[in-house]
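Residue numbers start from 1 in every chain, and the chains themselves are labelled A, B, ... in the order their sequence lines are given, proteins ahead of strands. For clarity, every value in this text was computed on a predicted model and none was experimentally measured.
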Amino acid sequence: MAYWLMKSEPDVYGIEHLRRDRLEVWDGVRNYTARNFMRDEMSVGDLAFFYHSNAKPPGVAGVMRIHRTGVVDPTQFDPESHYHDPKSDPDDPRWICVEVEFVEAFDELVPLQDLKDNPDLADMAVVQRGQRLSVQPVTDREWEIVLGMAKG
DNA sequence: GCCAACGTTGGC
DNA sequence: GCCAACGTTGGC
């Protein structure tokens, strides 16, 4: 089983929305590297950190599980959507994503600053300068360390 | 195929 | 609101 970190802006869709909805299609990703992780690397049952970006403060808010893979992102074919992609061919959709399932919301968010301050996480993708990728792999070790920080 | 211009992300 | 980093676009 693999581990991941997936970003969303909590003002748009945060961990509390997922707690309410239980299941959610992770649509709107329009970066090929992030798409490739979802399309090619994720498996049902993988776990992912739900990361709050563009938040005060930004950080890891909880855990979710990959519930379904190979999901055609419906927004690419919706002319009303901000994520509409007129170049995507319905017979060969460009944007494939996953459906995620709520697992838990941490009692307290683990702030990005705490991740940066932890020398054991120096190599973690999310703390790297200029790292914008919205879907990132997390190593087993990083996963355990961050979970430990979340649970005190 | 190069690369400048432009758009987006996301921390601060 | 600023701006650094980085991805994409499009002219050549």
How many Å lie between OH on Tyr83(A) and C1' on dT8(C), as a whole number?
17 Å
Can you tell me how far CG of Asn118(A) sits from CD1 of Ile145(A), rounded to the nearest 0.5 angstrom?
6.0 Å
Residue pair Arg65(A) / Val100(A), side-chain heavy-atom distance below 4.5 Å:
no
In whole angstrom, what separates Arg35(A)'s CZ from dG7(C)'s P?
15 Å
Check the distance between dC2(C)'s P and Asn54(A)'s CG and give it to me in whole angstrom.
16 Å
Separation of Gln128(A) atom CD from dC6(C) atom C1', in whole Å?
15 Å
Nucleotide of dT8(C), dC12(B), dA5(C) approaching Tyr32(A) most closely (side-chain heavy atoms):
dT8(C)
Here the distance between atom P of dC6(C) and atom CD of Gln131(A), to the nearest Å, is 8 Å
Round to a whole Å and report the spacing from CG of Asp11(A) to P of dG11(B).
12 Å
In whole Å, I'd like the distance from the CG atom of Asp114(A) to the C1' atom of dG11(B).
15 Å
Under 4.0 Å from OP1 or OP2 of dA4(C): is there any side-chain N or O of Arg129(A) that close?
no
Short side-chain N/O contact to dG11(B) OP1/OP2 from Tyr51(A), under 4.0 Å:
yes
Heavy-atom side-chain contact between Phe102(A) and Asp21(A) under 4.5 Å:
no
Hey, does Tyr83(A) have a side-chain heavy atom less than 4.5 Å from the side chain of Gln76(A)?
no
Could you tell me whether Lys116(A) contacts a base, only the sugar-phosphate backbone, or nothing, with contacts defined as non-hydrogen atoms closer than 4.0 Å?
sugar-phosphate
Would one find a side-chain N or O of Lys7(A) under 4.0 angstrom from OP1 or OP2 of dT8(B)?
no
Length of the line joining Glu9(A):CD and dT9(B):P, which is rounded to integer Å:
8 Å
Partner of Met6(A) under side-chain contact (heavy atoms from CB on, under 4.5 Å), chosen from Trp26(A), Phe37(A), Phe49(A)
Trp26(A)
Quiz question: going by heavy-atom distance under 3.5 Å, is there a donor-acceptor pair between the base of dT8(B) and the side chain of Arg30(A)?
no
